[in-house]
Asks: 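First, the structure itself, so that you have it in front of you.
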Amino acid sequence: LAGIFIALTHFPVYNKHGEVITSALTTIDLHDLARVAACYGAAGFFVVTPLEDQQRLAEKMIAHWRDGWGYRYNPHRSQAMGLIRLIRELDEAKREIAREYGAAPLMVGTSAVDNGNRLSFSELRKKIGDDRPVMLIFGTAWGLTSEAINECDHCLAPISGRTGYNHLSVRAAAGIIMDRLLGER
Ligand code: SAM
């Protein structure tokens with residue numbers, strides 16, 4: 001399997017007023033997405049933030065769970081946290097994966113909003129395991145900007161449940177999407 005990666009992006013994302021911002025890191029997002037990544041066999045979890053202080057915060061937290069007291073307390077969590085890779089911008093992930101796997105990843109954005117030009121879950125399922133790795137990109141705050149989505153190769157169809165409401169937390173969305181793509185059918 002060439003592999004699937006996930007990325008959590010803190011820039012560029014929208015705030016409530018539709019302005020482009022850098023959001024603050026939320027430690028529970030890192031824990032929960034790392035566990036989802038570990039559970040479904042993702043090859044890596046990229047945390048994207050250009051802010052130095054936020055990177056330092058993430059490094060401290062990861063080190064605590066990966067090698068420090070947290071490791072002795074809960075080695076399972078350490079295994080999941082070991083998948084996290086801190087980067088400043090998504091392009092870094094593209095370059096790193098291309099170097100490691102010999103092919104740049106297929107970049108797939110996610111959003112609760114249907115932008116028309118979307119890839120269905122079954123279409124994406126077929127692409128996983130091709131020679132080209134797949135990178136699933138999640139947003140924070142009010143979601144990835146339209147420019148960020150347009151820069152992706154594809155946008156995945158939004159999760160719709162049973163009502164018109166589909167604004168999920170990134171933690172719930174990542175769990176559902178990874179299960180639809182990689183879970184047992
Ligand atoms: N503050 C929020 C939180 O607590 O998670 C962050 C919301 S952020 C907009 C949620 C992210 O989860 C989106 O950028 C997208 O990546 C994903 N997401 C949420 N709802 C979704 C849906 N219905 N379909 C696909 N992805 C979704």
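By convention here, the first residue in the shown sequence is residue 1. Since the structure is predicted, the reported quantities are computational estimates derived from the model, not experimental observations. Whatever order the structure lists ligands and atoms in, that order sets their numbers, starting from 1.
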Asks: Mind checking whether F138 and F45 have ring centres under 6.0 Å apart?
Replies: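 Centroid separation for F138 and F45: 6.0 Å or greater.
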Asks: Return each pair, listed once, that meets side chain to side chain donor-acceptor pair (under 3.5 Å) where at least one residue sits in residues 43-67; pairs must be two or more places apart or across chains.
Replies: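 Residue pairs passing side chain to side chain donor-acceptor pair (under 3.5 Å), neighbours aside: E52-R88.
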Asks: What protein heavy atom sits nearest atom 25 (C) of ligand 1, and how far off is it?
Replies: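 Looking at atom 25 (C) of ligand 1, the protein heavy atom closest to it is S111 O, 3.2 Å.
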Asks: Among all protein heavy atoms, pick the one closest to atom 19 (C) of ligand 1 and tell me residue, atom and distance.
Replies: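 Here the closest protein heavy atom is L168 O, 3.2 Å.
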Asks: List ligand 1 atoms under 4.0 Å from R171, heavy atoms only on the residue side.
Replies: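 Here the atoms of ligand 1 in question are 3 (C), 4 (O), 5 (O).
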Asks: Give me the residue, atom name and distance of the protein heavy atom closest to atom 11 (C) of ligand 1.
Replies: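 Looking at atom 11 (C) of ligand 1, the protein heavy atom closest to it is G139 O, 3.4 Å.
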Asks: Is the closest N or O pair between N166 and ligand 1 shorter than 3.5 Å?
Replies: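 Yes.
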Asks: Of all the atoms in ligand 1, which lie at a distance below 4.0 Å from a heavy atom belonging to F138?
Replies: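 Near F138, the atoms of ligand 1 are 16 (O).
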Asks: Could you go through V108 and M135, starting from their C-alpha distance and side-chain angles, then the distance that decides it, and tell me whether this counts as side-chain contact (heavy atoms from CB on, under 4.5 Å)?
Replies: CA-CA 6 Å; V108 182; M135 168 80 92; over 6 Å; no
Asks: If you have a sec, work out which protein heavy atom is nearest atom 22 (C) of ligand 1 and how many Å separate them, to one decimal?
Replies: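 Looking only at protein heavy atoms, the one closest to atom 22 (C) of ligand 1 is A112 CA, 3.5 Å.
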Asks: Counting only heavy atoms closer than 4.0 Å, does ligand 1 sit against the backbone of A174, its side chain, both, or neither?
Replies: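 Within the 4.0 Å criterion, A174 makes no contact with ligand 1.
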Asks: Let me confirm one number: the NE2-OG distance from H167 to S111, rounded to the nearest 0.5 Å.
Replies: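 Rounded to the nearest 0.5 Å, the NE2-OG separation comes to 8.5 Å.
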Asks: Please report whether ligand 1 has a polar contact with T110, defined as an N or O pair separated by less than 3.5 Å (distance criterion only).
Replies: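 Yes - when backbone and side-chain N and O of T110 are compared with those of ligand 1, one distance drops under 3.5 Å.
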Asks: Could you tell me which atoms of ligand 1, counted from 1 in the order shown, lie closer than 4.0 angstrom to a heavy atom of G143?
Replies: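 The atoms of ligand 1 under 4.0 Å from a heavy atom of G143 are 9 (C), 14 (O).
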Asks: With a 4.5 Å limit on heavy-atom distance, are the side chains of I137 and L144 in contact?
Replies: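 SC-SC contact between I137 and L144 confirmed.
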Asks: To which protein heavy atom is atom 17 (C) of ligand 1 closest, and what is the distance rounded to 0.1 Å?
Replies: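 So the nearest neighbour among protein heavy atoms is A173 CB, 3.5 Å.
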Asks: Which atoms of ligand 1 sit under 4.0 Å from any heavy atom of A141?
Replies: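 What qualifies from ligand 1 is 6 (C), 7 (C), 8 (S), 9 (C).
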Asks: Between Y73 and W69, what is the ring plane arrangement, given parallel below 30°, perpendicular above 60°, and tilted in between?
Replies: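 Rings of Y73 and W69: parallel, under 30°.
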Asks: Taking the side chain as every heavy atom from C-beta outward, state whether V134 and L181 have any atom pair closer than 4.5 Å.
Replies: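 No, their side chains stay 4.5 Å or more apart.
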Asks: Students should be able to answer this: which protein heavy-atom is nearest to atom 12 (O) of ligand 1, and at what distance?
Replies: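 Here the closest protein heavy atom is V170 CA, 3.4 Å.
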Asks: Tell me which protein heavy atom sits closest to atom 24 (N) of ligand 1, plus the residue, atom name and distance to 0.1 Å.
Replies: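 Of the protein heavy atoms, I159 N, 2.9 Å lies nearest.
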Asks: Between R85 and V47, is there a side-chain heavy-atom distance shorter than 4.5 Å?
Replies: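 Of all side-chain heavy-atom pairs linking R85 with V47, none is under 4.5 Å.
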Asks: Start with the C-alpha gap between F5 and I97, add the side-chain angles, then the distance that decides, and say whether side-chain contact (heavy atoms from CB on, under 4.5 Å) holds.
Replies: CA-CA 9 Å; F5 292 81; I97 294 173; 3.7 Å; yes
